[in-house]
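Throughout, a chain's letter reflects where its sequence line sits, starting with A, and its residues are numbered from 1. Since the structure is predicted, the reported quantities are computational estimates derived from the model, not experimental observations.
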Amino acid sequence: MRLLVIEDERRVAENIAAALQEGPGYAVDLAYDGEEGAHLAQTGEYDLIVLDLMLPGMPGATVLKRLRASGRKTPVLILTAVTTKASIIELLNSGADDYLGKPFDLGELIARAKALIRRGQGVSHPILRIGDLVVDTIEKTVVRDGVELELSPTEYRIMEYMSYRPRSVISKQTLLEHLYDYNWEHHSNVIEAHVSNLRRKLNSGGKPQSASFLWLETMRGRGYRLLAAAPAHSASDLSLVDL
Amino acid sequence: MKNWSLSRRLIATVLLVETLLALCTTGMALIYERHQHMRTFDVMLRGRADSLLGAVQDAEDEADNIMLAPKAIDLQNDDLYQVREPSGRILGQSPQWSSQLAGQFREESHGHNFQFHGHAYRGMVLRGIRQIDQEDGKPGISRPVIIDYAAPLAPVWRAVANAAKFLLLSNSCLLVVTGVAIFILLRRGMAPLQLLATEASAISPVSWEFKAPPEALAVKELAVLARALESAMRRLGSSIDQQRTFVNDAAHELKTAVTIIKSSLQLLDSRPRSLEEYRRGLESCLSDCGRLEELVQKLLTLARLEQTAGEPSSPNQTDLSEGVREIVSQLDSFAMLRGVALQLDLREKLHVPLPHEECETLIFNLVLNALQHTPSGGKVTLSATEENGEVRMTVEDTGEGIDAADLPFVFNRFYRGDRSRARTTGGTGLGLAICKAIVDAYGGRIELLSETGKGTRALVALPAVSDAVRLQTVFSNGR
């Protein structure tokens, strides 16, 4: 998951970013003023935007309105020092998904961020199930047949991202955009290596014929998809890389 | 205090005055009425006496005896009369005539009143000539005759009493009509005042909106009050709004400062860390606390200065040149660290009516501001002199200057030309606001001139304390 934090107070912004990176392991981009924030929000692929209201350059409310006017559905969590009913109603009505009053609690911020991301992915339960695979987005664990898989942080992030979208094709580019912040040097072969490792760990000991077999398909030139049962199409269409 | 009604008092006063006036005019009218009646009465008396004289002429017989037959004459029955000759011979009398009456008649130009048998009478004495006719065309003999004639006054008094009744009745009617008219008029006149009061009672700490009703503005006497109220409310409202903005801004700043500390500590606590990480985290939190403390300190300073602003100037006085030297020695190392030259151009003994602390805060904030906004290799010049009874201080820097768009707002609280830079220099956005508050509180002026890229010049003018006043203060303090 990749998040954008727009907050002019550098110390606050850095603390939020650190908490989101260390806790749920999200990739976080930072913007310190309204103009930059609005630009990033409209051009980048984010799963959540954390937006401060009092911003130099452009007020947070305007950033929000621009984002919604451009048709983006990215969930937005507002940080505000003014928590009067009228201002909250105004914010929610102009397209905000949730708000936190300053001074906020980092734990609460993370919990709300997780909830908003879930909703943004169209899921309400924090525990995702694909076949007999259980992905706990709170504990950051992946359990298969009662056995917890030992995944690296990046592998877990790929797993989580793909678990939100079983059966859909996810391109390498999308994975890159949603797993790394803009400081990262993009190398698609990094993704390939991680996916390969992930696939190996997922099905260690399992057989393609067994009912609980998990397919992490590579669709050449298009990306990956996660399936709980054998794909229905012909073998020529897909290439199952070494299991 | 017991409250009283203006309209009731007004009505009572008007009615009282009107009653007194009515009594006076009624009295005068009655006196005049009586006088007129008496004159008419006199004319009537004379007429009757004349007709009596005529009767006397006719009533004689050969023996020169006059027989007055009252029934034969057309006179009122209750009139009193007597016809006599100067010699005292009585020629005739009215039936009721009594000898007691003889003394009551006096010869005057007008009639006179007397009492007879318990009744009021007015009488007069008429002298006439009685012609005793001679027969055969000889001239007659003239004989003087005196007629005492009196008639009862009762009809006069009745008429006067009737007039009095009429006057009293009409005046009472007038009083009632006046009272009612004033009451209605006052009620109508007071209606705009009521509207004004209703409007004014709608003022609350939440809403300082006050719009005088047009009815009140249409009344000349009320318009003054209504306008005064309007402008007072406007001023109060804007001052409350300023306060509210200040409180909101202050709350935002404090919340931000607390947010930084809270989030830093929570982040530090979110998972086990190395000793070094904890140490660095605590250090940064401590410095954040310092910033919060400074913010609170400055807010308190501002609040205190605002209270001072209304009070008469204190007997405090400080030598500005000494203050400048003090601050410069404090900031010298900071200037060296930043690579900025700090120059002084001072005149000695510049006494200003500021407490020592305020004076130093003013200089400190201005110099620090100049130093923070001047890049390495730049120069900050401090000069102070006395001119036309004013102490003038200038702080000039060769820094980046202030944007023309920002210049009008630099004295506003929490205003930062460039927020991110101000943060890194630890600015609270209150320094210049405090300078302005100090200068305002002690009757001075402050001005900022700036050219982007060239530098900024801060000008402060404060009233100078004259030598005479200073010596006096020193003397009284010495005692």
Taking atom CZ of B:Arg457 as the centre, does the number of heavy atoms from other residues, nucleotides or ligands within less than 6.0 Å exceed 12?
no
What part of A:Asp105 is in contact with chain B, defined as an atom under 4.5 angstrom from a non-hydrogen atom: side chain, backbone, both or neither?
both
Is the number of heavy atoms from other residues, nucleotides or ligands under 6.0 Å of A:Arg118 CZ greater than 12?
yes
Quick check: are there more than 12 heavy atoms from other residues, nucleotides or ligands sitting under 6.0 Å from CD of B:Glu283?
yes
Minimum-distance pair of heavy atoms, taken over all atoms of A:Gly107 and B:Gln266
N-OE1, 4.4 Å
Check whether any side-chain heavy atom of A:Glu9 sits under 4.5 Å from a side-chain heavy atom of B:Thr259, and report yes or no.
no
Correct closest heavy-atom pair for A:Asn15 and B:Ser264 would be ND2-OG, 2.7 Å
May I ask you to check whether over 12 heavy atoms, not counting those of A:Ile138, lie within 6.0 Å of atom CD1?
yes
More than 12 heavy atoms of other residues, nucleotides or ligands under 6.0 Å from CZ of B:Arg273: yes or no?
yes
Heavy atoms from other residues, nucleotides or ligands near CD of B:Gln330 exceed 12 (cutoff 6.0 Å)
yes
Is A:Phe104 in contact with chain B via its backbone, its side chain, both, or neither, using a 4.5 Å heavy-atom distance?
both
Closest heavy-atom contact between B:Lys255 and A:Ala81?
NZ-O, 2.5 Å
Interchain contact, B:Lys262 with chain A, by part (heavy-atom threshold 4.5 Å):
side chain
Distance (rounded to the nearest 0.5 Å) between B:Arg291 CZ and A:Arg11 CZ
9.5 Å
If you count heavy atoms of other groups shown closer than 6.0 angstrom to NZ of B:Lys379, is the number above 12?
no
More than 12 heavy atoms of other groups within 6.0 Å of A:Tyr99 OH:
no
Could you give the distance from OG (B:Ser263) to CG (A:Leu109), rounded to the nearest 0.5 Å?
9.5 Å
Which region of B:Asn248, side chain (C-beta onward) or backbone (N, CA, C, O), has a non-hydrogen atom less than 4.5 Å from a non-hydrogen atom of chain A, or is it both or neither?
neither
When every non-hydrogen atom of B:Leu267 is compared with those of A:Ala18, the smallest separation belongs to CD2-CB, 3.4 Å
